[in-house]
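Here the structure is laid out as structure tokens; the discussion comes afterwards.
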Amino acid sequence: MDPVAFQIGPVAVRWYGIIIDTAFIAGTLLAYYHAVKSNVRTDHLLNLIILIIPSALIGARLYYVIFNWHEYVYSPLEALAIWHGGLAIHGGLLGSTLAGYFYIRKHKLDFWQYADVFAPSVILGQALGRWGNFINQEAYGTPVTRDFISHFPAFIQKQMFIQGQYRHPTFLYESAWDFLVFLFLLFFFRRKRFPGQIMLLYLALYSLGRFFIEGLRTDSEMLGPIRLAQLVSLILITLSFFIYYKKTTAKNQT
């Protein structure tokens, strides 16, 4: 599949960029809807969106480049070419969280209230964004047999034939998992018991799926013998459960 969707003169418009932009637009609309329903001030929400989208992109790219520096050491300008792929979600979460935290602290807002509003949008964006990996033939898994891949649609089979072998469509596994988590968060949103519950559920559930799917990938960032994404996932799961327990205990005591 051609990664270039169309040309405007000398400018190539790539599917990766279109998909990422679509994910941001869908996430923004959903966050605005949840803000209105939750009586969260939409002016601050829009300010946060303007701030955290570029922060997420910068964080995602920096994270990827740092842990894949061998790919850029002889061509550092290539580090700016995000249209070639290479955005790490954990870096994006870190960048956007830091930017959002400083804004929220400056304006004395409730961090967890805004986090809950953003959580379903983030996981929806991830579910959509993984299809950018599909177009670029990245974030794929270990080799599989022709019989195994034949259970998938023909367009996926064709795109997952990489370097002379069929591969696990791990982008699809994660996209499907993310979408299921998104539906769960939508269902649970109006039933939440305390501020932060939706964000904590997002972090735990996303990380659970990512931990197992990451084990099938061939392009994992490594920290010695450890897959970095799996390590971060375990940390996020543990941290989420700890905060969830503390908040639940405090809620029950009131």
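The figures that follow rest on heavy atoms only: side chains count, while hydrogens, waters and symmetry mates do not.
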Could you check whether any side-chain heavy atom of [X] comes within less than 4.5 Å of a side-chain heavy atom of [Y], counting everything from C-beta outward?
X	Y	answer
Leu201	Lys192	no
Trp112	Ile243	yes
Val122	Leu93	yes
Phe148	His168	yes
Trp177	Arg130	no
Ile52	Phe118	yes
Tyr244	Phe194	yes
His90	Ser233	yes

Same cluster or not: are [X] and [Y] linked, directly or through other Ile, Leu, Val, Met, Phe, Trp or Tyr residues, by side-chain heavy atoms under 4.5 angstrom apart?
X	Y	value
Ile53	Tyr103	yes
Val4	Ile20	no
Tyr101	Leu45	yes
Phe179	Leu205	yes
Leu228	Tyr72	no

(request) Taking atom types as modelled, find out whether Asn47 and Arg41 have a side-chain donor-acceptor pair closer than 3.5 angstrom. (result) no
(message) Is it the case that the side chains of Asp116 and Gln197 hold a donor-acceptor pair, with the cut-off being a distance below 3.5 Å and no angle test?
(response)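 No.
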(message) Ring-plane angle category for His34 and Phe189, please: parallel below 30°, perpendicular beyond 60°, tilted otherwise.
(response)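 Parallel: the ring planes of His34 and Phe189 meet at under 30°.
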(request) Look at the aromatic rings of Trp131 and Phe134 and report parallel, tilted or perpendicular, splitting at 30° and 60°. (result)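 Correct class here is perpendicular.
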Donor-acceptor pair, distance only, cut-off 3.5 Å: does the side chain of [X] make one with the backbone of [Y]?
X	Y	value
Ser150	Asp147	yes
Gln113	Val40	no
Arg227	Glu214	yes
Glu174	Gly209	no
Ser55	Leu51	yes
Asn133	Glu138	no

Report, as yes or no, whether the 6.0 Å neighbourhood of atom [atom1] on [X] holds more than 12 heavy atoms from other residues, nucleotides or ligands.
X	atom1	result
Phe161	CZ	yes
Phe155	CZ	yes
Phe102	CZ	no

Quick check: closest heavy atoms across [X] and [Y], and the distance to 0.1 Å?
X	Y	result
Ser175	Ala127	OG-O, 2.7 Å
Ser121	Ala31	OG-N, 3.1 Å
Arg61	Ala79	NE-O, 2.6 Å
Pro54	Ile49	CD-O, 4.3 Å
Ala26	Leu128	CB-CD1, 4.2 Å
Leu186	Pro120	CD2-CB, 4.5 Å

(request) Show your working on side-chain contact (heavy atoms from CB on, under 4.5 Å) between Asp2 and Trp15 and close with a plain yes or no. (result) CA-CA 8 Å; Asp2 190 346; Trp15 283 112; 5.8 Å; no
Nearest-0.5 Å distance, [atom1] of residue [X] to [atom2] of residue [Y]:
X	Y	atom1	atom2	value
Thr97	Met199	OG1	CE	6.5 Å
Leu109	Tyr114	CG	OH	4.5 Å
Tyr202	Gln126	OH	CD	3.5 Å
Gln159	Asn136	CD	CG	9.0 Å
Leu62	Ile58	CG	CD1	7.5 Å
Glu71	Glu78	CD	CD	9.0 Å

(message) Run Met160 and Leu172 through side-chain contact (heavy atoms from CB on, under 4.5 Å) and show every step you take.
(response) CA-CA 11 Å; Met160 287 295 102; Leu172 179 61; over 6 Å; no
(request) Show your working on side-chain contact (heavy atoms from CB on, under 4.5 Å) between Val13 and Phe6 and close with a plain yes or no. (result) CA-CA 5 Å; Val13 179; Phe6 56 90; 3.5 Å; yes
(request) Kindly indicate, with the supporting measurements, whether the criterion side-chain contact (heavy atoms from CB on, under 4.5 Å) is fulfilled by Tyr33 and Leu29. (result) CA-CA 6 Å; Tyr33 169 81; Leu29 293 175; over 6 Å; no
(message) Tell me if the aromatic rings of Phe67 and Tyr63 count as close, with their centers under 6.0 Å from one another.
(response) yes
(message) Looking at Tyr206, I'd like to know if the NZ or CZ of Arg210 sits under 6.0 Å from its six-membered ring centre while staying within 45 degrees of the ring's axis.
(response)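 Here Arg210 fails the 6.0 Å and 45° test against Tyr206.
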